[in-house]
Colleague: 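My questions all concern the structure below.
Within every chain, numbering begins at 1; the chains are lettered A, B, ... in the order of the sequence lines, protein sequences first and strands thereafter. Keep in mind that what you see is a predicted model, and the values were worked out from it rather than measured.
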There are 2 protein chains.
Amino acid sequence: MDTATLADAIDAGRAERLRFEELEYARLTETVAGYPRGSVVLPGGVVIPGYPSIGRVHSLSAGLREQFDGPFWAEEKIDGFNVRILRHEDLLLAFSRGGFVCPFSTDRLPDFIDPALFEAEPDLVLCAEIAGPENPYLEGSPPFVTEDIALYVFDLMRQGRGGFLGQQAKMQLIASHGLPPARVFGRFGPRDVDRLRDLILQLDAEGAEGLVLKGESGGTRAKYVTGCSNVTDIRVCSEQLLDLPPEYFINRLTRLAVFVTEHGRQGDRELERSLGHAFLSGLDRAVERSRARGRVDHRYRCRFRERRNALHFMDHMAATGGHRVRMAPGMPVQQDGYWILEFERVFDRMTGTLATALSGAVQYD
Amino acid sequence: MDTATLADAIDAGRAERLRFEELEYARLTETVAGYPRGSVVLPGGVVIPGYPSIGRVHSLSAGLREQFDGPFWAEEKIDGFNVRILRHEDLLLAFSRGGFVCPFSTDRLPDFIDPALFEAEPDLVLCAEIAGPENPYLEGSPPFVTEDIALYVFDLMRQGRGGFLGQQAKMQLIASHGLPPARVFGRFGPRDVDRLRDLILQLDAEGAEGLVLKGESGGTRAKYVTGCSNVTDIRVCSEQLLDLPPEYFINRLTRLAVFVTEHGRQGDRELERSLGHAFLSGLDRAVERSRARGRVDHRYRCRFRERRNALHFMDHMAATGGHRVRMAPGMPVQQDGYWILEFERVFDRMTGTLATALSGAVQYD
């Protein structure tokens, strides 16, 4: 992107200049020159396109027929956050979906990626999901990441070029460089409804989130989630029932019902119980926090390799999370070779509503 | 209310002139001269005040202490709709909460009230709940009304006077005229937390909705609902998950959690199952209707004594329910001495969203 286009976009409020240590870059807050929101403009003008959103199909049988007319690959959809990883000059950087350098992800890259990769492939961009119980953004994590975080590469791009590498080229580069991949379940066609149904039910039983289906030719992509992933989302977020948009819960209930009826699981008492438990366990926890401490919050813990990145992250939270984030005193603290950061996010509406309810006040509705 | 005040209110859009057969009356759409929204102005200017909303306490132990400093009566809260019943000249009329003559309730009054009551007490106004499976407004009904509808008187007023009759006077008039009462569970004090806890748990086990607490002196009133009433509301309404305000469900989940923790029922697997069932049974039904008929709707059936009242009711539905109400062809039909009316309410957003989901289309969220 040339300097004039970027300057105009910044003047028009469609892009924002940012700095991370010595790096000056920009992120797009709206579409500019065909690049979507979340794209990053590096010094010199190279653009890293924003990661595109992937449409969701609700019905497997109808969705395959409707979305694909040729072969596609089925990969695991992982419950984490999306980063784009690249080397710029000597810096190994991870950018968030919104186009910010993520100090946490950037700090941890050397734990998962051998920088020698970029000697061989200097213009490669890895699209990866970071997931695990010690991530600072999400309450939930996949059952197969039991501590800290892990990183899963699921797409590759080249700096300055649009589109993703094809599936074969991607799998070859992942294998030859020993990158950690998202699970690939193979190549399917629009008529393979039964094979994919077996696969999704297996993933459902494992507690996995679902599938991303990627057309072998053309850019067609679609995601399809397991029934259990909806229950899991409700379970990990029900303690913030009043602080998330209500559609968060309403949409997951609707998706769960379509999954249940598509796979003939109506009247499954264990599923019903797990859904009721998903709502009540989080809400019970919220009421108990309110009684015990006068506020409802969620505690996060994550680890950094370098203290300065923990401080960058704390600045970022202070700037974006405002009064809702409380860092524990004395953070970060050193432990087992890492710098540990602990903080809480306060759920304001849960805190206020439960305090009123438990005070004995009346409410008119 | 004098003619000038009413005329001004109508000009200002705070009141509305209405007609029911030969009766010309007005309803207040906002507060006018101290009378609340829903008040009715009869010919001659007598005002029937709107039924006041009653505040809800979420915690029994804190709420009693906070709301009452003297004795109060505990009555059953019934899951139905609220009407004010009176005689004006020769007409026996039932007005809805909003201040409309309800053709359905008005039609059915002679089944429940002996008009001779108004020979002895011409200015009496009965505040009553109409509940049962054959009501035209609500999806749910109390477990103790297994067919048609029933009527329960819970307050008395006098035409043209503010406030309710005291509890003793009310119970005397109800008894001496053989009116059907809402259950009265007795007189309590703010320290009777244990007795009231036993009572609410008994009502919860019966599937009842809860209590209305009415101060013996002064106007203090409060309602407190059972845990199961929240589950029941979710169960009867989950097939219209996307058509009700999401707060309908969110508020009931919050109330349920406060009830559960107050009464030490955390981790109750049967309750968890019934909550999951409440959501999924309605949603499964909605998905099945969508697959089978291309739309999601709820069927109502109610009975009238007089054909002309059924026609009044159909006009009222056509005027207020618009395209969302479909009368069955040939209605009303005569059966067992009544005129039967059957109709459906279509849930537009459920219909649209499920049709899209089941078509295989992708959705970006």
Colleague: Using 0.5 Å steps for rounding, measure from the CG atom of L242(A) to the CD1 atom of I250(B).
Modeller: 7.0 Å

Colleague: Chain A heavy atoms under 4.5 Å from V258(B): which part of the residue, side chain, backbone, both or neither?
Modeller: both

Colleague: Among L280(A), L60(A), V57(A), who wins on heavy-atom pairs under 4.5 Å with chain B?
Modeller: L280(A)

Colleague: Return the option, out of L275(A), V260(A), L354(A), with the maximum number of heavy-atom pairs under 4.5 Å with chain B.
Modeller: L275(A)

Colleague: Quick one: ring-ring contact (aromatic ring centres under 6.0 Å, His included) partners of F68(A), sequence neighbours excluded?
Modeller: F72(A)

Colleague: Here's a test: name every donor-acceptor pair under 3.5 Å between chain A and chain B, with the distance for each.
Modeller:
residue : atom : partner : partner atom : Å
R56(A)  : N    : Q363(B) : O            : 2.8
R56(A)  : O    : Q363(B) : N            : 2.9
R56(A)  : NE   : D365(B) : OD2          : 2.7
R56(A)  : NH2  : D365(B) : OD2          : 3.3
H58(A)  : NE2  : Q363(B) : OE1          : 2.7
Q67(A)  : NE2  : G360(B) : O            : 3.0
R255(A) : NH2  : D365(B) : OD2          : 3.0
T261(A) : OG1  : R291(B) : NH2          : 3.4
Q266(A) : NE2  : E288(B) : OE2          : 2.7
E272(A) : OE1  : R273(B) : NH1          : 2.7
E272(A) : OE2  : H277(B) : ND1          : 2.9
R273(A) : NH1  : E272(B) : OE1          : 2.6
H277(A) : ND1  : E272(B) : OE2          : 2.9
E288(A) : OE2  : Q266(B) : NE2          : 2.7
R291(A) : NH2  : T261(B) : OG1          : 3.4
G360(A) : O    : Q67(B)  : NE2          : 3.0
Q363(A) : N    : R56(B)  : O            : 2.9
Q363(A) : O    : R56(B)  : N            : 2.8
Q363(A) : OE1  : H58(B)  : NE2          : 2.7
D365(A) : OD2  : R56(B)  : NE           : 2.7
D365(A) : OD2  : R56(B)  : NH2          : 3.3
D365(A) : OD2  : R255(B) : NH2          : 3.0

Colleague: Could you tell me which non-hydrogen atom of L241(B) sits nearest to which non-hydrogen atom of L253(A), and how far apart they are?
Modeller: CD2-CB, 3.9 Å

Colleague: What residue in G276(A), G63(A), P245(A), G267(A) has the most heavy-atom pairs under 4.5 Å with chain B?
Modeller: G276(A)

Colleague: If I compare all heavy atoms of L358(A) with all of A62(B), which pair ends up nearest, and what's the gap?
Modeller: O-CB, 3.3 Å

Colleague: Go through the structure and list residues passing ring-ring contact (aromatic ring centres under 6.0 Å, His included) with F279(A), not counting sequence neighbours.
Modeller: F279(B)

